[in-house]
Structures are given as structure tokens and as C-alpha cells.
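Just so you know, ligand 1 is whichever comes first in the structure, and atom 1 is the first atom listed for that ligand. When reading the values below, keep in mind they use all heavy atoms of this one structure, side chains included, and skip hydrogens, waters and symmetry mates.
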Amino acid sequence: MARHIYVHNPFCARKCPYCDFYSVTDSSCIEEFYKAAIKETKMIASAITDKTASNPLTDIDGKDTIYFGGGTPSLPDSRLITELLKEVLSTFNIASDAEITIEANPSSVDERKLTEYLQAGFNRISLGVQSLDDEVLKTLGRLHDSKGAMEAISLVSRAGFKNISADLITGVPGETLEGVKRDIDTFFQSGVKHISTYSLSLEEGTPFYVKYNKTIEDLMPPDTEREMYHGTREYLQSLGYETYEISNSALPGYRSLHNSSYWNSCEYFAIGAGSYGFIGDIRYGHRNDVAAYIKDMNSITEKDYKDFVEGKTIDSHSLYVEEVLSRDDKMREVPFLRLRTTEGILLDEFYKVFGVEFEDVFADIVKSNIEKGLLERKQRTLRLTRSGLDFANAVMEDFL
Ligand code: SF4
């Protein structure tokens, strides 16, 4: 069975005003955090020894994946990152053809770090570029400018990374479709194989929410944002990128296997404060609290962790069970996850796993969304139409 492991580095040099991912800017306890993460790696591995995955669509891709996300994983000393990766690789006996990704911020990568990442086994890097327009980067409060972003791409490529991904944010006030297309052209010419395009959203609790919530008209009008979304997808396709998911596009052979594991309902283990995982029937999380994480991981025993992955809550602990999924829940999750992908819901796969036809279980919902022109059936798949992409969340929520 393929293993999928997510490691959350909860440290950033500065908080971007639109971001609601868990991260802190005080990294005084970073060494202790990584020690705790190594301990958690050992705990998970010991807890799952006897456990067989009961998730329905596991192993569609069949390859192991490891993903260091954040926060800013390129911020800490590379020694901390590579020591943890070494532990994950050996403890989980990860296959040599695994996809191993690290997220990096253009403002915190350098030649030495990149060389050490490659030597340790990372073979994919995801750069948080967000834009190559200095005005847009200023609006987003990023630490780098376009020159810094281009230097980072070239550094990553010279260091020897072949599988490079870059993030773009669309729908930023002042951004234009022409500008986004120029950024994509530059990525394409610079050897970027995978592009994630995220629409800017207002998340409660962020400075952007305070700034724009009452004057929503200062943001990009929804129609213009949608035009930008579709225009961006079409442009990516014209260059040969396959738009394989709502926000992700890749040249052939460069899809993110790790992200695909989420959409395939695969089991994945999470390490680090602020991260989420899925073991057996349990969706679980770690509280957004680095200090509590360090304290709790220092005292947790193998038995505690074993009980936890069986669904037992540990009182006032960083680890918490978010949901124990029934067979019904798992069926409902399939459209929620798979409709994000361009392939959509694979009806034969669903039947193979659950022994019932998807269109029998969800007959009314499927019918009404097809009638509204938001879903379409193509042979043995069911997927969002072009207009369905604009109402993706509403369609997916219909199934929950
Ligand atoms: S660097 Fe990334 S994770 Fe950190 S605050 Fe900015 S957007 Fe969020």
C-alpha cells in the first residue's frame, strides 16, 4: 500500500495579510519543534503497524508521496528539514520512486539549502511565487519582488530540480488577465512544469478580511474574477498544461501525486502542529499551537498514539479526532473530493468499492445538477461543466 505523508512546518518569516494557514513568526522553539516532529514520525509508524487501510479509493496512483508544506518549509535551517525527511524515509520504508515535495518561498531559498534538499531525497519543489507583477506582490504583502522570484526559479533549476511547481494568485485588485498570461509564459519558458492558480479569497481573521470585507467592491468584481479564472485555464491549456483540477495544471507527467492522493480518498499521515491527516476511518488534526505540540509530543506514548488512531480522543491534547467516517460518509466524500478533478467521479471505481451505483445513491442530486447544466455525464464519469466550475462549492455541498 502506498504511503502518503504530510509534514507541516508552522513557521513563516512574516505573516501575509491574506493567509489563514497556521503559522507563527516566532521561531525560537524551532529546534524543539523538529525534535517533536521526529518523535511523532516514530509514533505514527508504530501505531499503524497492524492497521490495514479501510479507505475506499486508496492506491489509485500507487506511489508513495511525502509533502513538506507550511508555513514556510524553506525557512528553517536545512539540517532540520533533512533530518526529519531522513526519519520519515526510513521509518515508513518509503519507496525509491516516491514523489517528495518541499514548498519554498522565493525569499528564503539559497544554493546550499537546495543542494541539501536534493541530496536528502526531495525531487519536487513548489515555489510560492504568487505573481511576477511587483504591484500585485506589494498588494499581497509578499516578502519578495518579481526579480527575487525569477532568481529563485533559476536557482532551483540550476540546483538540479526537474519537477518545479509555482503558485499564482488570481483575482488580486489591480491584476489583469494579460498580466497573468505573461507570468504563465515566463513560467513556461523557465521550465516550470506545474502551476497552481488560486483565486484570492477573503478568510475570516486575516488583515485582508478586515480591510476588504466592508468594501468588497475594492476587490475584483466577481464576473471579472471568473473571466480571469477561465481565461487563465484556457491559456494554460493552449501551452500544453493539463488543467487536471480546479486550481492545478501540469505538463504531461507532472501532476502532483501527493495532492491527487487527497482527491482519491487515500489515507495520509500528518506530522506537525496545524496539520490534518486521515487514517483508517478517522479524519484527525493537530491543534494550531506549536508550544502545545512540543509539550504533548514529548509526553505521548506508543499506546496513546495507537489508541488515538483507533478513534479514542486524548483529553486536552494537540491531537484531536475530527470525524470518524461511516460508510455513508465515505460515499458522500467521493463527490466532494473527486468533483475537484477534471476527470470527475469514476463511476466504475465507485461501484467497485461500494457495490452500489453512484447514480442510484445520489439520484436526485445528480439529476437536478445535470438539469441546471452544472454536472455532465461522459461515459462512466460524472464531472463539473464549465458553468459548474463557477458553482463548484455549491454543487459539492449538495452531496454532503
Ligand atoms: S508565506 Fe505562505 S504560509 Fe506563510 S503567511 Fe505567507 S502565504 Fe501564509
Student: Numbering the atoms of ligand 1 from 1, which are under 4.0 Å from a heavy atom of Tyr18?
Tutor: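 Heavy-atom distances to Tyr18 below 4.0 Å select 7 (S).
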
Student: How far apart are the closest heavy atoms of Thr91 and Ala45, and which atoms are they?
Tutor: CG2-CB, 3.1 Å

Student: Which atoms form the tightest heavy-atom contact between Cys16 and Gly141, and what is the distance?
Tutor: SG-O, 4.4 Å

Student: Measure the distances from the heavy atoms of Arg142 to every atom of ligand 1 and state whether one is below 4.0 angstrom.
Tutor: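 Arg142 counts as a contact of ligand 1 under the 4.0 Å cut-off.
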
Student: Tell me whether Thr72 contacts the main-chain N or O of Leu75 through its side chain, where contact means a donor paired with an acceptor under 3.5 Å.
Tutor: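 Absent.
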
Student: Could you confirm whether Cys12 has any N/O/S atom lying under 2.8 Å from atom 4 (Fe) of ligand 1?
Tutor: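 Of the N, O and S atoms in Cys12, at least one lies under 2.8 Å from atom 4 (Fe) of ligand 1, which means yes.
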
Student: Cys19 heavy atoms, cut-off 4.0 Å: which ligand 1 atoms fall inside?
Tutor: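 Answer for ligand 1: 3 (S), 5 (S), 7 (S), 8 (Fe).
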
Student: Starting from atom 6 (Fe) of ligand 1, find the nearest protein heavy-atom neighbour and note its residue, name and distance.
Tutor: Cys16 SG, 2.4 Å

Student: So if I count the atoms of ligand 1 from 1 in the order they appear, which ones are less than 4.0 Å from some heavy atom of Thr72?
Tutor: 1 (S), 4 (Fe)

Student: Indicate yes or no for a side-chain donor-acceptor contact from Asp307 to the backbone of Lys312 under 3.5 Å, with no hydrogens or angles considered.
Tutor: no

Student: So with a 6.0 Å cut-off around OH of Tyr351, is the heavy-atom count from everything else above 12?
Tutor: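 Atom OH in Tyr351 is not packed in, count stays at 12 or less.
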
Student: Is the centre of the Tyr6 ring less than 6.0 Å from the centre of the Phe68 ring?
Tutor: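 Aromatic pair excluded; centres sit 6.0 Å or further apart.
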
Student: Which protein heavy atom lies closest to atom 3 (S) of ligand 1, and at what distance to 0.1 Å?
Tutor: Gly71 N, 3.4 Å

Student: Any atoms of ligand 1 less than 4.0 Å from a non-hydrogen atom of Asn105? List them with their elements.
Tutor: 1 (S)

